[in-house]
Enquirer: 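First, the structure itself, so that you have it in front of you.
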Amino acid sequence: MGASATSLRIEYLENPLGIDELKPRFSWAIHAAGRGARQTAYRIIVSSDAANLDEDMGDMWDTGKVVSGQSANVAYMGSELQSGTPYYWKVQIWDHNDEASAWSSGHWSMGLLRRDEWKGKWIGLNSDVVPTMDRQKPSVYLRKTFAADKPVKRATLYVTALGLYVCHLNGVKAGDYVLAPEWTDYKTRVYYQTFDVTGQIMQGDNAIGLTLGQGWYAGFVGLFDFQKYGKDPYALLQLNIEYEDGSSGFIATDTSWKASFGPIVSSDLIMGEIYDSRLEMPGWNEAGFDASGWSAPDVFFEYKGYLNGQCSPAIKTIMEMAPKKIMKLAAGRFLIDMGQNMVGRIRLTMPAGAEAGHQTTIRFGEVLTPAGELYTENLRNARQTDVYIAKGPEVQTYTSSFTFHGFRFIEIDGYPGELAATALVAEVIQSAMDDSGSVETSDEMVNRLFSNIRWTQRGNFISVPTDCPQRDERCGWTGDAQIYSFTASYNMDVAAFFKKWMIDVEDAQWKNGAFTDIAPHLPYSTISKYFLVGSSGWADAGVIIPWNMYRIYGDIRILERHYDAMSRWIAYNEMLHPQHVRDITPQYGDWLSIPTEELEGAQFGTRYSAYSTTPYDVFGTAYYAHVTQIMRDVAGVLDKAEDERKFGALYERIKAAFNKEFVREDGQIKGRTQTSYAMALYFGLLPEDKREFAARHLVAGIESQNWHITTGIHGIRYLLPVLSEYGYDDVAYRLLMQDTFPSWMYTIKQGATTIWERWDGWTEETGFQNTLMNSFNHYALGAVGEWMYRYMGGIDPEEPGYTKMVIRPRIEDRLRKADVQYRCIHGLIRSNWSLTDSGGLELTVTVPANTTAKVYVPLKYGTTILEGGKPAGQAEGAVCLSGDADNAVFECQPGTYRFTTER
């Protein structure tokens, strides 16, 4: 059987609806058996009619046979795409034997590309409730009836809100989104969602129902209290209908709609929800409902920001989980252990018998106190509490609509009867990205660590990469995101997710070029008079993440789109730091590193502090050099020769200043912290003759801490990779598997099922850390996941998009085996190694079609190397390169190879 194109994507999404990219990009993977599979040519056909596509008629675009191996990000170059139009496409490929595949097909639709195509008004219903921590504004209910008196050919629904919405058509929810639309800086842009509802339109009377929540727009948002964008939620909706007879019509939000409040009497993303089922309005979102008691809606002024089609994976329920343990505390009061810290909501069924007005209170928390009670002090102002008020004695089921919680434990008070395990289901939500990687080893603690990393990403990649999902913060901190972005990409397909968020980052950029420390940025967002802008390691995300996305997915467009913003950031730093040392304070630095005794009295805002033991000037200048070097390389990729020279010269000046100010002749670096050495070595800032000395100082410092980590959230990304690069794999593994404080394994021994914000979130000696900053679901320290993929598994891109890669597993006897898999944009990469009882090594690697890999086979487990039971030099598809003293190196064509070594 020949090759075939699989996993078809448009702008990294499967069959997206309502996009507004005028030149969308096509991608596909290649499935082929055997070795050496490679695409040599492709043909794409795009049609505005599915029947034409079946006949190979590309009225929009037909590339013909293009001799090329490109299978990712092929830009559309056909006729102008039209607003609101569906398109159908298919691709055929030719393999290395010039044999053509069968066609593989997909589709997409364009959104409303011009503002004048939106015919409706922004409508809602203003509430005079002033939100407090205990009671927030009610949700708004909107409805409209209309008639469809002839057969419908196609019906497309476009919806958005300033706030959140749930839309029903004839009582059936449109789509499977949760918490739509995405969080943005509403003063700049808002996204709309598109649904094909052709099958939901009935002949005769129909009804549309909208429920609105406060969401990020009008609710409590990120450290900064309520209503930072607006006071009340508003919605904009348009239903375009095409009839079989060629005519068309539309329904849009306007003053003819009806509005009311209803059973969601209090709603907030962070605080929770109060649902009074006595106020339910059966059939309110269906035709035939008596809405005579409803009022006309309030009309909002015309929105003046950008109105864009959804470009990222929707937030959805990705799985459901049952309780692991239910503990009865008293009559009607239960404590439930889900067995896993997660993010989402619950679906709770109440048995028959409750009287009307009976109240059930549901509280959520991550951990328990030593006394076994729900621990909520670390939530700060967040309530994470839902309340359900019964309407009568019948069986009732409740799920919140416009809130989400970070929790492992649930306390239910006022439950009417005995709580059965089948009565409660947890719904896990996240931006619905496909999983792309996995790590499984012979050590259960290492496996648990990997699971904790993945679960933490699930809980925090919800529209934006938040720092935490439970307390009154939940912000898109740029520093956390940039250090974790490579780990994130190994775990999940984050291309479209970061495409959206980088737009948020640029939207937040100041006119002077400063990127902000959180994105979306918030009006009046100040903490202790610090404007959350321009911080080293945080604002640098505006350069680092686009570069990482280019390296991971071969995405040149993200560099092109943000190049000017990235350049402005470098110019801003040049203006602030003419001596090329970035030493401005206050800064965060290597946030939440382990303080040494001499730093315990230092304060935030000084040259270093108990929050960051690495001096701020060392930290800031290292990052300044790093992002300037990236900009040099970006300019080279985009053929901007003058900029490449300019950024290159600036990089050399910054690097020289770094060495002059901070580096001694013996390779010691100011501060002498693990992070000082790790950053300088990882960023390549030291002269060649000082690097080995600096690496030795680093290892000596680790040994002085009894082989423990002392870095914060930045140093942790660079520490283990630097150790491996400089020949200290044994130290890297020792740190990974250390199980006394501070370490990852120590947190696991304390029951962690996600990554903690800080090493000392809870210790046996001191108990809980300061409640002001003590999240138990915080992905930053999980950036070690990158090392697990890149060094334990050895999977590393040599060229952008993994067209060429390195597979060089770093193997130590502390582990007996590791199976590391990553599905890149071209297909599955696998590095599966195990140590044999005889002291040899088995290494099985898979190289996806259309790529090439340099595979390193360690010689310390034997110099006799076989592949498939034969001498490796005879292997089909593998050529032995020169190698080095420690490894034999093979250039492998696509396929699966099984190398074995013998002593």
Side-chain angles (χ1 to χ4, degrees), residues 178 316-329 333-349 362-376 378-379 384-386 397-400 403-413 415 418-430 435 438-441 443-462 468-471 491-492 739 744-757 761-762 764 768 774-779 781-782 785:
V178 178
K316 297 182 180 182
T317 298
I318 62 161
M319 69 176 75
E320 296 184 346
M321 298 184 68
K324 294 296 183 184
K325 185 178 181 181
I326 297 176
M327 297 158 277
K328 185 173 183 179
L329 305 179
R333 184 166 175 252
F334 299 88
L335 185 64
I336 299 95
D337 181 2
M338 298 303 300
Q340 172 63 54
N341 201 8
M342 65 182 73
V343 176
R345 58 194 185 182
I346 66 167
R347 187 170 67 248
L348 180 64
T349 299
I362 311 162
R363 299 196 305 143
F364 300 83
E366 298 179 289
V367 294
L368 300 179
T369 68
E373 295 287 341
L374 192 70
Y375 180 72
T376 59
N378 68 324
L379 302 180
Q384 285 215 139
T385 300
D386 297 337
T397 299
Y398 167 67
T399 305
S400 61
T403 190
F404 69 91
H405 308 297
F407 65 97
R408 171 178 172 173
F409 297 94
I410 308 159
E411 182 189 271
I412 300 177
D413 195 8
Y415 187 78
E418 296 300 317
L419 179 63
T422 55
L424 187 151
V425 175
E427 299 180 354
V428 179
I429 68 169
Q430 72 166 73
D435 287 346
S438 63
V439 175
E440 185 176 358
T441 77
D443 187 285
E444 286 306 312
M445 292 281 278
V446 174
N447 295 343
R448 180 71 248 187
L449 172 59
F450 175 76
S451 174
N452 288 6
I453 293 169
R454 186 194 293 278
W455 271 102
T456 308
Q457 183 170 336
R458 283 187 182 129
N460 283 288
F461 275 45
I462 296 177
C468 59
Q470 74 299 92
R471 71 186 180 215
N491 284 336
M492 299 176 190
D739 66 357
W744 293 285
M745 301 309 174
Y746 180 80
T747 69
I748 292 171
K749 287 170 66 176
Q750 310 315 310
T753 61
T754 44
I755 300 298
W756 293 359
E757 179 175 19
W762 189 90
E764 295 163 297
F768 290 113
N774 198 24
S775 162
F776 293 96
N777 194 338
H778 227 85
Y779 58 74
L781 291 176

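Bear in mind that the values here come from a model prediction, so they are computed numbers and not experimental data.
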Enquirer: Give, for atom CG of Asn378 and atom CZ of Arg471, the distance between the pair rounded to the nearest 0.5 Å.
Expert: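 Asn378 atom CG to Arg471 atom CZ measures 8.0 Å (nearest 0.5 Å).
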Enquirer: Kindly compute the distance separating CH2 (Trp756) from CG (Asn777), expressed to the nearest 0.5 Å.
Expert: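 It comes to 12.5 Å.
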Enquirer: Could you tell me if the side chain of Arg345 sits less than 4.5 Å from the side chain of Thr317, heavy atoms only?
Expert: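 Result yes, sub-4.5 Å side-chain heavy-atom pair found.
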Enquirer: What's the verdict on side-chain contact (heavy atoms from CB on, under 4.5 Å) for Thr376 and Gln384, showing C-alpha distance, side-chain angles and the deciding distance?
Expert: CA-CA 9 Å; Thr376 59; Gln384 285 215 139; over 6 Å; no
Enquirer: Once rounded to the nearest 0.5 Å, what's the spacing between atom OH of Tyr779 and atom CD1 of Ile755?
Expert: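 Tyr779 atom OH to Ile755 atom CD1 measures 13.0 Å (nearest 0.5 Å).
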Enquirer: Compare all side-chain heavy atoms of Phe404 with those of Val178 and state whether any distance is below 4.5 angstrom.
Expert: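 They are not in contact (no side-chain heavy atoms under 4.5 Å apart), so the answer is no.
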Enquirer: Are Gln340 and Lys324 side-chain neighbours, meaning at least one heavy-atom pair lies under 4.5 Å?
Expert: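 No, side chains not in contact.
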Enquirer: Can you give me the closest heavy-atom contact between Glu418 and Lys328, atom names plus distance?
Expert: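 Here Glu418 and Lys328 meet closest at OE2-NZ, 2.6 Å.
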Enquirer: Heavy atoms, side chains only, cut-off 4.5 Å: are Thr754 and Trp455 in contact?
Expert: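 Yes, side chains in contact.
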Enquirer: Would you check if the side chain of Trp744 reaches a backbone N or O of Leu781 as a donor-acceptor pair within less than 3.5 Å?
Expert: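 Side chain of Trp744 to backbone of Leu781: a pair is present.
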Enquirer: Hey, does Asn460 have a side-chain heavy atom less than 4.5 Å from the side chain of Pro469?
Expert: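 The answer is yes, as the side chains (C-beta and beyond) meet within the 4.5 Å cut-off.
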Enquirer: Would Tyr375 and Phe409 count as a close aromatic pair, with their ring centres under 6.0 Å?
Expert: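 No, the ring centres sit 6.0 Å or more apart.
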Enquirer: Decide, yes or no, whether a salt bridge links Asp435 with Arg454 under the criterion of side-chain N to carboxylate O below 4.0 Å.
Expert: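 Yes, charged N to carboxylate O under 4.0 Å.
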Enquirer: What I'd like to find out is whether the side chain of Ile336 reaches to under 4.5 Å of the side chain of Leu419, using heavy atoms alone.
Expert: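 In contact.
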Enquirer: So which atom in Ser775 and which in Gln470 form the shortest heavy-atom distance, rounded to 0.1 Å?
Expert: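 Residues Ser775 and Gln470, closest heavy atoms: OG-NE2, 3.0 Å.
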Enquirer: Taking all heavy atoms of Ala426 and all of Phe407, pick out the closest pair and write down the distance.
Expert: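 Looking at all heavy atoms of both residues, the closest pair is CB-CZ, 4.2 Å.
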Enquirer: Would you check, one step at a time, whether the test side-chain contact (heavy atoms from CB on, under 4.5 Å) holds for Met492 with Phe461?
Expert: CA-CA 10 Å; Met492 299 176 190; Phe461 275 45; 5.6 Å; no
Enquirer: When you measure from the side chain of Glu757 to the backbone of Asn774, do you find a donor-acceptor pair of N or O atoms at a distance under 3.5 Å?
Expert: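 Yes; judged by distance alone, with no hydrogens or angles, the pair exists.
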Enquirer: Check whether any side-chain heavy atom of Ile346 lies under 4.5 Å from a side-chain heavy atom of Phe364, and answer yes or no.
Expert: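 Side-chain contact under 4.5 Å: yes.
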Enquirer: Sequence neighbours excluded, which residues qualify as side-chain hydrogen bond (donor to acceptor under 3.5 Å, both in side chains) partners of Thr456?
Expert: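 Counting only residues at least two positions away or on another chain, Thr456 forms no side-chain hydrogen bond (donor to acceptor under 3.5 Å, both in side chains).
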Enquirer: Between Glu373 and Arg333, is there a side-chain N and carboxylate O pair less than 4.0 Å apart?
Expert: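 Counted as a salt bridge, because a side-chain N and a carboxylate O are separated by less than 4.0 Å.
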Enquirer: Please find the pair of heavy atoms, one from Pro323 and one from Ile326, that lie closest to each other, and give the distance.
Expert: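 Heavy-atom minimum between the residues: CB-CG1, 4.2 Å.
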Enquirer: When you compare the side chain of Met319 with that of Met342, does any pair of heavy atoms fall below 4.5 Å?
Expert: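 No, every pair of side-chain atoms sits at 4.5 Å or beyond.
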Enquirer: Does Phe450 form a side-chain contact (heavy atoms from CB on, under 4.5 Å) with Asn491? I'd like the steps, not just the answer.
Expert: CA-CA 10 Å; Phe450 175 76; Asn491 284 336; 3.4 Å; yes
Enquirer: Please check if atom NZ in Lys325 has more than 12 non-hydrogen atoms from other residues, nucleotides or ligands closer than 6.0 Å.
Expert: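 Atom NZ in Lys325 is not crowded, with 12 or fewer foreign heavy atoms closer than 6.0 Å.
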Enquirer: Nearest 0.5 Å, please: how far is CG in Asn452 from CD1 in Ile748?
Expert: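 Result: 5.0 Å between the selected atoms.
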Enquirer: Compare every heavy atom of Ile318 with every heavy atom of Arg458, then report the nearest pair and how far apart it is.
Expert: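 Looks like CD-CD1, 3.9 Å.
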